[in-house]
Amino acid sequence: MATIVENPSLTGGSPGAEPVVDNYLTFTRGWKSWAFTLDHKRIGVMYLCATLGAFFVGGVMALLLRSELFFPGKQFLSPDMYNHMFTLHGAVMTFLFIIPGIPAAQGNFVLPIMLGAKDVAFPRMNLGSFYLWVFGAIYLVAAIIFGGLDTGWTFYTPYSTTTNTSVILATTGVFILGFSSIFTGLNFIVTIHTMRPPGMTWFRMPLFLWATYATAIIQVLATPVLGITLLLLIAERAVGIGIFQPELGGDPVLFQHFFWFYSHPAVYIMILPAMGVISELISTFSRKHIFGYRFVAYSSIAIALLGFLVWGHHMFTSGQSAVSATMFSFLTFSVSIPSAIKVFNWLATMYKGSISFATPMVYALSFIFLFSIGGLTGLFLGALSVDIHLHDTYFVVAHFHYVMMGGTLIAFLGGLTYWWPKMTGRMYDEFSSQMAAIGVFIGFNLTFFPQFVMGARGMPRRYADYLPEYEFYHQLSTIGAFVLGVALVAAVGILVRSLWTGPKAPANPWGSATLEWQCSSPPPHDNFATTPEVGDPYAVESVKWSDSERGYVKNPSYVPSKDH
Amino acid sequence: MSTADVVSPVTAPGEHHAHSGDGHDHGHGHQPHLAHHFESYEQQFDAGKLGIWLFLVTEVLFFSGLFCAYVVFRVLYPELFAFGHLFLNKELGAINTVVLLVSSLTMALAVRAAQLGQRQVLISMLVVTIACAFVFMGIKYVEYTTKFREGLFPARYFAPTPEALLHAAHMIHDAQSHGAAGHAAGDGAHDEHAADTSHGHDAKAGDHAHEEVNKNGLTAAEQAMVDSVKVPANAGLFFSIYYCLTGLHGIHIIAGIAAISWILVRSIKGHFTPLYFGPVEYVGLYWHLVDLIWIYLFPLLYLIH
Amino acid sequence: MWLSKFAVSFVPAQLTSSYWLPEPNSTFAPEVDGLFMFIFWLSVFFFVLIVGLGTYFALKYRRVGTTEVVAPSASHNTALEATWSLIPTALIFVIFGWGFVGVVDMRTPPENAYEVQVNAKKWAWNFTYPGGLPDSDLHLPVDQPTILTMTSDDVIHSLFIPAFRAKMDVVPGRYNKLWFHPTKTGENVLFCTEYCGREHSGMNRKVFVYEAGGVEKKLAEIQETIDKMDPAELGKITFEKSGCIQCHSIDGSKKVGPSFLGLFGTTHDITTGEKITVDENYIRESILEPMAKIAAGYNPQMPSYKGQLREKQIEGLIAYIKSLKNSSSK
Amino acid sequence: MTAATIDHTGHGHDAHGHDGHAHHGHGHYPGVPSYSHIMPLWILFAVFASLIALTALTVALSGVALGTAEIFVSMGIATIKALLVAVYFMHMRHDKPLNVLICTFSLVFVALFIGLLLFDSMEYYPNIAARTYVEMLDKAK
Ligand code: HEA
Ligand code: HEA
Ligand code: CUA
Ligand SMILES: [Cu+2]
């Protein structure tokens, strides 16, 4: 980072905005100015590094899992080691990477700027949330060192209350991470409600903000229930309260209800911000106003609220009563409608646009492809009788990797490549990162598509060993995982390389109309020199390409339409 | 800080970062306690207020898990609750309710004083509130230690002592002999006399000093009464729930004491003005919520039939 | 129906239910497969629609150079948006309804079913047949419904027979019921699909489906072999099939429990500090009441096998453990 | 750029408008800003007195055999108390509608959580009871 800071060209101000002397990276120096920063942008950058680190740790674990499964029988991981590995892979990926991934890393960076505010409402709490993440991560790592964890990321009782791995350490870690997530959500809700500048009405907010707002609702309402569930689990192990223990009169299925009351809404914590990113990308790179703004905005809220009513679909075979299963199945499908609305609106946005295949758009297009598969396979799982067959097989594993990895991670990369020039002031190499994006796409499908087939044919999940009939699919999947690994390392490597070699980024390289592109790249400490001009966030015609700036500048002939 | 003295056009004069860190301290110069990223006290107050309400929402959902466990087990195993509550001390519960209500009143008065800028009233009201909180915790301490002595632990370690069972037997007996006809034996019904008579039993050593006692320290008649008590299977579950609910509530009281003390220190330093009293109000809201939860806990745990 | 058959004759194998799903060997299978394939085709339709349109737009309207004058077009169209909300809404009712009908069937066991008690423990299945005979494989009559009444001794397990499209968790402290109606004789696999610890992936057994009367014959046969078999050999089979092998090795290595190699006749400490000698009675007690005496250095994790092994099998196990002497080479 | 431009703040002031009695805002207390609502003393004490009275009432009623009505009566009284605390001590009466909405909202979700879960537990309870019964018989043997 030092290189950027010292580069004199950066302080010369970026084209397209008023010349600015310092930016948030150069504003103050020294590690303390980062460790104790209250600037949402720096906190966002720290979150970004941290969550990416977690992703790589989780990814390495995934590669170990896949390597073990290349042949049936034991290769190099004992069954116990395998169990530890998938548990930690799942726990690290969900709690350390994907839940904070988009909202806390990218959201923190852009949310206040998009809104036209100087910062989030509670900067101290924001920093606190980051450190809670760090502590939570330390606990999880401690759990790995002191005895490991082999419960699955779901912590089902009574397995989790009887195993002799360090469940208490790990659940304490997740408990802390839960608070980190609550603080982020709470901060965002308050910021969006109380920090909007004049002119920034609800319906002038970019869809990414609607999405993070909807996400924040879930974070605030659902995460506390995870907190109490984990506390009860800790108490169960420590003093035997018996609430989840059958031999003490308790009920293990109760635990599943508690767990999924949080964890189903949590999957929408993962996907909603991703959908928000995609809405920004599709409109920008089609150079067209987003289609059906209000429908897309409302559908985020609808997904957030409906998402609370469907948790029972993870428990169709648990001994749940037939009546509740029916109810949950029905409600599950209701979430597909707002998701469908979004997908179709993105397509309609592309219609008659001017579509660029810049890296973020490549990710956005692969998001539509992969998320459709992931979402549509959710329909198989939501259908009662079919889920009985598919539950706890690789079909489910494939489903959730398609939505989490094919959906959220791809959108994360899309957002990262989109806001990268804004965050760092550097442009990365376009061609190589497009290639990396395509590599990720191919590797991903090769990894997870075969899992649908073997899952439907009965291959159970969480298996360290399997029957020879599934070998072919496992081998495809393992090969895919390595392709994916290489492509991902390339994708991130290209970005990192741009810090040293990339050309200086203009204020608005893509031609977006949202506020974060009005300030220089990287933005100044206080975000805006003057109160930003709030207009329609998708009026892409309000900016036009300028060869001299190598970016987009204000279009003098633009007249805001009455329509929006 | 090489660039700090270059005033960028981004920051208005007087709003600049004269302070440590990267300037996020209160930079409004003549406007104490107004953070730099807010435009006005009102905006700051509104943000804080919305924030604290959202926080209370998370608290409600946090507790909801325990209430949920309570409801499920109460509906499925009512006998556990009818049995378990025999061991709870209704008087102490009622006293604690009143103590918390008083503290709620003083907290509300403290907020009012802060709004009006009456520093002395504010300080004294906060002191009374903290005092009430300590009284509450003291009484809880007495209750817990009694339970531990009587072997009334969470499920895995639940092992009521003969004394505890004798006490329960008397309560059941009293309830029946007072003609609560509709109640089946052992379901723990009792009327208001049960409480009076039960005081007597604590003094049993005196009453029955001359009689022979067995290894449990009980006379034959008492042992018979103890044997007549049907301890429902998994009776410890009630105590698990009791400890979880009251324990978590207790932790919130302790957190409340810390928060109010912080407010107290700040009011002694004279930080609060009619323009800036947000923290008092926020802590007050939190404190009222803690009270609110107790308002439900008291009948749910202590006053069951 | 004929329409779908007709359509199917044109599609590659990868698009048929026999590619995606295991052999359909119970009455649930056609029902489930039908719905599976319905959703499958629905998904294919929407997928092709979405990706097709996406690709078409991306190519047709791709940006050439930096020309970017985009003729303004509508930014919303309520009728269109309503249409693409309502069509999926209608479709989910179909999927939901179909799945619901299927599950009502799965949740309503018929009257005169063949009843088997199932007991799961880490990491073995035990099936008790009418008349009280236990075995570790599932033997079933064809063309007759079977009800399994299932419970677990330790953690949650789940019984899954892919060919029957049947699955239900086996939860400690309760009876979960699962029923199905096999339609074909032969062999099928049975998996444990709820994660239950180290040997979760090893917790699979066979399901044998016989002609009428076949089950009784098979059970009698098992009884007979047991009666005839050399005790140590029976012990070996029991050791492997009843789950002992998951926790006890026969090569001297320590697993969850002590190894059986050279165990017989040794004297060692138990957790109370007393010493015991491993003899016939101690082994019997260990199998039936494992919690009575816990070998020092181990956790009390062994489940009881009371009621799940025949007397002969216990004798066999004793004989087998006796036979595992330390060879001179070690 | 003042907060007054933020759309919902407008409603907050409306709420003050509906409020019948005059004990608030600038009128009575000079120097008190508009976002600060002062609760009159007599209300605070009246609420406190009612809370104590209601506590006494539940304790007294707990001695009376009310049968199944008991839970409803005691929860009803608790709810009245809770409302008193929320509306007056917590100033909900004069708070922004948004904050009140958020609270109501959280209660709706709590109700859904507890409701759906309880419903399912009651439905599958027979499976547990059957097993408990068999275990009891086994132990008796
Ligand atoms: C980002 C995370 C994410 C997202 C967005 C989703 C989205 C959905 N999920 Fe998924 N799910 C997970 C993450 C996610 N899931 C995880 C992690 C698990 C497993 C946890 C574990 O056990 O470890 C899981 C498991 C899971 C199960 C339980 C399976 C089992 O264990 O047996 C079910 C069952 O109903 C389900 C359903 C759905 C549905 C219906 C959607 C819907 O929201 C999808 C909606 C989208 C679409 C439908 C596509 C777009 C619409 C169209 C293209 C139009 C056409 C539409 C129609 C005709 C309706 N999911
Ligand atoms: C965000 C969520 C997320 C993501 C992104 C992933 C990513 C991946 N997952 Fe994971 N997965 C889960 C969430 C996720 N997973 C969850 C919740 C479970 C369930 C756990 C449970 O059952 O409890 C699961 C389970 C799971 C299983 C099932 C295990 C089992 O049931 O037995 C498998 C098996 O194939 C798997 C594979 C993979 C692979 C190959 C990737 C790949 O996409 C990973 C790609 C990433 C990389 C390859 C990293 C690249 C880095 C390098 C190559 C190293 C270079 C290093 C440096 C530069 C430092 N995952
Ligand atoms: Cu038994 Cu998995
Ligand atoms: Cu779900």
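These numbers come from the heavy atoms of this one structure, side chains and all, not from hydrogens, waters or symmetry mates. Letters go in sequence order (proteins before strands), and every chain restarts at 1.
Looking at C:F36, the atoms closer than 4.5 Å to chain A (heavy atoms on both sides) sit in the backbone and in the side chain alike. There is no contact between C:K177 and chain A, counting heavy-atom distances below 4.5 Å. Interface remark: C:E31 contributes no atoms to any contact with chain A (heavy atom separation under 4.5 Å). Of the atoms belonging to C:N204, it is side-chain heavy atoms, and not backbone ones, that fall under 4.5 Å from chain A. With a threshold of 4.5 angstrom between heavy atoms, C:M106 approaches chain A through side-chain atoms but not through N, CA, C or O. In this structure, chain A has heavy atoms under 4.5 Å from both the backbone and the side chain of C:Y19. Interface residue C:L80: only side-chain heavy atoms are found under 4.5 Å from chain A. Only the side chain of A:F86 comes within less than 4.5 Å of a heavy atom in chain C; its backbone stays farther off. Only the side chain of C:V51 comes within less than 4.5 Å of a heavy atom of chain A; its backbone N, CA, C and O stay farther away. Proximity to chain A (any heavy atom under 4.5 Å) is restricted, for C:V189, to the side chain, taken from C-beta onward. If you measure heavy-atom distances from C:F28 to chain A, you find no contacts under 4.5 Å at all.
Chain A forms more heavy-atom pairs under 4.5 Å with one residue of C:S43, C:G173, C:G102 than with any other, namely C:S43. Most heavy-atom pairs under 4.5 Å with chain C, from the set A:A464, A:S356, A:G152, A:S78: that is A:S356. In terms of heavy-atom pairs under 4.5 Å with chain A, the best-connected choice from C:I95, C:V104, C:V101 is C:I95. Each of C:S85, C:G99, C:G97, C:P88 has some count of heavy-atom pairs under 4.5 Å with chain A, and the biggest count is that of C:G99. The candidate from C:L86, C:I156, C:T78 with the greatest count of non-hydrogen atom pairs under 4.5 Å with chain A is C:I156. Of the residues considered (C:L42, C:T89, C:V170), C:T89 shows the highest number of contacts with chain A, using heavy-atom pairs under 4.5 Å. Here A:I388 is the residue among A:T161, A:I388, A:V386 with the most heavy-atom pairs under 4.5 Å with chain C. When each of A:S299, A:P158, A:S160 is scored by its heavy-atom pairs under 4.5 Å with chain C, the top score falls to A:P158. Ranked by non-hydrogen atom pairs under 4.5 Å with chain A, the options C:A166, C:A163, C:S158, C:C192 are led by C:C192. Chain C forms the most heavy-atom pairs under 4.5 Å with one residue out of A:I341, A:T154, A:V343, A:T326, and that residue is A:T326.
The shortest heavy-atom contact between C:L35 and A:A383 is CD2-CB, 3.9 Å. For the residue pair A:R462 and C:E194, the shortest heavy atom distance occurs at NH1-OE2, 4.4 Å.
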Identify all side-chain donor-acceptor contacts of residues 329-340 of chain A below 3.5 Å with residues at least two apart in sequence or on another chain.
unit_1, atom_1, unit_2, atom_2, d
A:S329, OG, A:G382, O, 2.9
A:T332, OG1, A:H313, ND1, 2.9
A:T332, OG1, A:F328, O, 2.6
A:S334, OG, A:L331, O, 2.4
A:S336, OG, A:F333, O, 2.8
A:S339, OG, A:V335, O, 3.1

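A side-chain hydrogen bond (donor to acceptor under 3.5 Å, both in side chains) with A:T317 holds for exactly one of C:D169, C:N176, C:T193; it is C:D169.
When the heavy atoms of residues 244-252 of chain A are compared with those of chain C, the residues falling under 4.5 Å are A:P246, A:D251, A:P252, listed by number. The stretch residues 145-153 of chain C places none of its residues near chain A, where near means some heavy atom under 4.5 Å from a heavy atom of that chain.
Every pair passing salt bridge (charged side-chain N to carboxylate O under 4.0 Å, His left out) that includes a residue from residues 32-58 of chain C is listed here, sequence neighbours excluded: C:D33-C:R165.
Taking the six-membered ring for Trp and the full ring otherwise, the centers of C:F160 and A:H389 sit less than 6.0 Å from each other.
The aromatic rings of A:F449 and C:W20 sit perpendicular, their planes meeting at an angle over 60°, well past the 30° parallel limit. Classification of the C:F40-A:F380 ring pair by plane angle, with boundaries at 30° and 60°, yields perpendicular.
Within the 4.5 Å cutoff, the side chain of C:F191 has heavy atoms near those of the A:L467 side chain. Side-chain contact check for C:F46 versus A:L379: every heavy-atom pair is 4.5 Å or farther apart. Taking 4.5 Å as the limit, some side-chain heavy atom of A:F344 sits within range of a side-chain heavy atom of C:I50.
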- Step-by-step side chain to side chain donor-acceptor pair (under 3.5 Å) determination, A:Y159 to C:D154: CA-CA 8 Å; A:Y159 190 79; C:D154 38 41; over 6 Å; no
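Although no hydrogens or angles enter the test, the distance criterion places no donor-acceptor pair under 3.5 Å between the side chain of A:D465 and the main chain of C:G202. Side chain of C:R198 to backbone of A:D80: no donor-acceptor contact under 3.5 angstrom is found. C:Y195 places a side-chain N or O within 3.5 Å of a backbone atom of A:D150 that can act as its donor or acceptor partner.
Stacking of A:R287 on the aromatic ring of C:Y61 is not recorded, the 6.0 Å distance cut-off and the 45° axial limit not both being met.
Within 6.0 Å of CZ in C:F100 there are 12 or fewer heavy atoms belonging to other residues, nucleotides or ligands. Atom NZ of C:K206 is surrounded by 12 or fewer heavy atoms from other residues, nucleotides or ligands within 6.0 Å.
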